[in-house]
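Chain identifiers are assigned alphabetically (A, B, ...) following the order of the sequence lines, protein sequences preceding nucleic acid strands; residue numbering begins at 1 within each chain.
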Amino acid sequence: MEHWSPTKITAFRKTLLSWYDEAGRVLPWRKDHDPYHVWVSEIMLQQTQVQTVIPYYQRFMTMFPTVDALASAPTEQLMRAWAGLGYYSRARNLQRAAQEIVNERHGQWPTTAVELQSLTGIGPYTAGAIASIAFGEPVPAVDGNAFRVFSRLMEIDADITKPQTRQLFEQVIGEVIDPKRPGDFNQAIMDLGSSYMTAKQPDSEHSPVRAFNQAFLDGKELNYPVRSAKPRPVPMAYLALVIQTPTGYLFTQRPSTGMLAGLWTFPLQLEADLVQDDEKQGELDEEILIKRAAEEFAADTGIEVTLSAVPSRRVSHTFTHQKWQLKLVQATLSADPDLSLFPGQVIAPSAFAQFAMPTVQQKLWRAWVKTMESDKGKEG
DNA sequence: AATGCGTGGTC
DNA sequence: TGACCAAGCAT
C-alpha cells in the first residue's frame, strides 16, 4: 500500500474540502449539526442508501422531533415508523439509547466517540460520525465508503470483511483527516464514495481526487476494496396461511428476538417442520403438506381450519442470509376463533396501517389481493 | 471470529 | 434470476 507524505496529506485535505464546499449534497439531516439529527440519520443510513432513508427520516422527525419524544414514544408507534426500512433492531436500540440519554444522563449527550459507543446501537462507525459531525472531534468514521475510497486511494489490500482491518483503516484515515474540519472531511469521503468512487461504475476520470487515486492511476480501481465473498442465502420453503374471518385476517406477532422480531405477518409454517424423518422435502404431495399444516396449526393454536391451495400464488423474498419461498394457502372461518392459544389477533385490512408489517408481508398481501381480483373476474 | 439481522437498486 | 452492493451493530 501507498504511504502519504505530510505535503500530500495537506494537498488532499484542501482538494477534498474545496470540492465538498462546492458540491457536497444537500440532505435533510445536514441542515444543522444537532446530535439528535445526526444520530437518527446515521442509524437509518446503516446498510441503507440515502434515497431510501430520506422519506423515513422526514416522517420520523415529524413524529419524534426530540430525543425526549423518542424516549417516551410507544414502541409500536416507533416500529410502524420503521416498517419497511429493515434491520428492525436498529429502531429498538435507538429508543433504548434515547431512554438512556434522557433518564440516566439527564438529557446530556456523550460528546466523544469512545463514550458514544457505550450507547446501544452505536458502534465504531456511528460513534465516529456523530463525534466528528456533531461535536468536532477529529476521529475517522469508517464505513463502506471509507473502506472503498481509501483502499483505492492507497491500494490497501487488506480484506475489509475481517474485523482487524478496521483498525488499519482507522489509523490511516486518522492521519489524513483534517483536524480543523473532521465532520466535513468524513462526510466528504461519503459523498465521494457515492458519486465518483462508487463500487461498480466509478467515474474516477472526473473525480476531484483523481490525482490521489493510485488504484485508478494503475488501472486497478475495480480490484478494490478487497473483500471475501459472502455465503449465499439459504433457501427456506414456507406455507403462508391466509385465514379470513368475518372481521378480518389472522395475524401473528413474531417473537421478540430473531428475524423480523415483533413484526406482524400471516401465520407462517416452515415446510421442513411438516416433513417427517423418512421423507424428503420437496417430494411431498402438496395436498398432504397442506393437510399437515392445518393439523400443525390446530395443535399449536387450537384453531381448526380447512386449508386449500391458492393456485399459482407464490411469493419470494430474499434476506441477507435466507431466501424464502412462500406458497399461499387459504381458509375461511365462519366465526372469529378463540385466540387464547394464538400469539396474535384478527386484523381488518382497514387497520393494517396500525401494525408494523415487514416487506415480505406486504408482498404476501399484494399476492392475495391479486388472487381475489382474478377470482372476482371469473365470477363476472 | 463468525453469524444473524432487511430492503431496494443495479447489472 | 442471481449476485453484489449500500452511511454496521450485537452477540
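Atom pair Gln46(A):CD and dC9(C):C1' shows a separation of 6 Å (rounding to whole Å applied). Arg166(A) has its CZ atom 8 Å from the C1' atom of dG8(C), to the nearest Å. In this structure, Phe319(A) atom CZ and dG2(C) atom P are separated by 16 Å, rounded to whole Å. Whole-Å rounding puts the Asn93(A) CG to dC5(B) P distance at 14 Å. dT3(B) atom C1' lies 8 Å from atom NE2 of His321(A), rounded to whole Å.
In this structure, Met190(A) reaches the bases: a heavy-atom distance under 4.0 Å links it to at least one base atom across the strands shown. If you check every strand for non-hydrogen atoms under 4.0 Å, Val53(A) touches nothing. Among the heavy atoms of the strands, none lies under 4.0 Å from Ile130(A). Here Ser41(A) lies out of heavy-atom contact (under 4.0 Å) with every strand. Note on Lys363(A): nothing from the nucleic acid sits closer than 4.0 angstrom, heavy atoms only. Note on Ala199(A): only backbone sugar-phosphate atoms sit closer than 4.0 angstrom, heavy atoms only; bases stay farther off. Within the nucleic acid shown, Ser89(A) has no heavy atom closer than 4.0 Å to any nucleic acid atom. Nucleic acid contact for Trp324(A): none, since no nucleic acid atom lies under 4.0 Å from a heavy atom of the residue. At the heavy-atom level, Gln201(A) lies under 4.0 Å from the strands shown only through sugar-phosphate atoms.
Judged by the 6.0 Å and 45° rule, Arg59(A) forms no cation-pi pair with Tyr57(A).
Across dG8(B), dG2(C), dG6(B), the shortest atom-to-atom separation from the side chain of Lys323(A) is found for dG2(C). Each of dC5(B), dC9(C), dT7(B) was ranked by its minimum atom distance to the side chain of Pro124(A); first place goes to dC9(C).
At dG4(B), none of the side-chain N or O atoms of Gln322(A) fall inside 4.0 Å of OP1 or OP2 (strictly under the cut-off).
Taking the six-membered ring for Trp and thresholds of 30 and 60 degrees, Phe266(A) and Tyr249(A) have ring planes inclined between 30 and 60 degrees apart.
Nearer to the 5' terminus of DNA chain C, by closest-nucleotide assignment, is the contact made by Arg232(A) (compared with the other of Ile43(A) and Arg232(A)).
A donor and an acceptor atom, one from each side chain of Thr371(A) and Arg313(A), are located under 3.5 Å apart.
A donor-acceptor pair under 3.5 Å is absent between the side-chain atoms of Gln269(A) and the main chain of Phe297(A), judged by distance alone.
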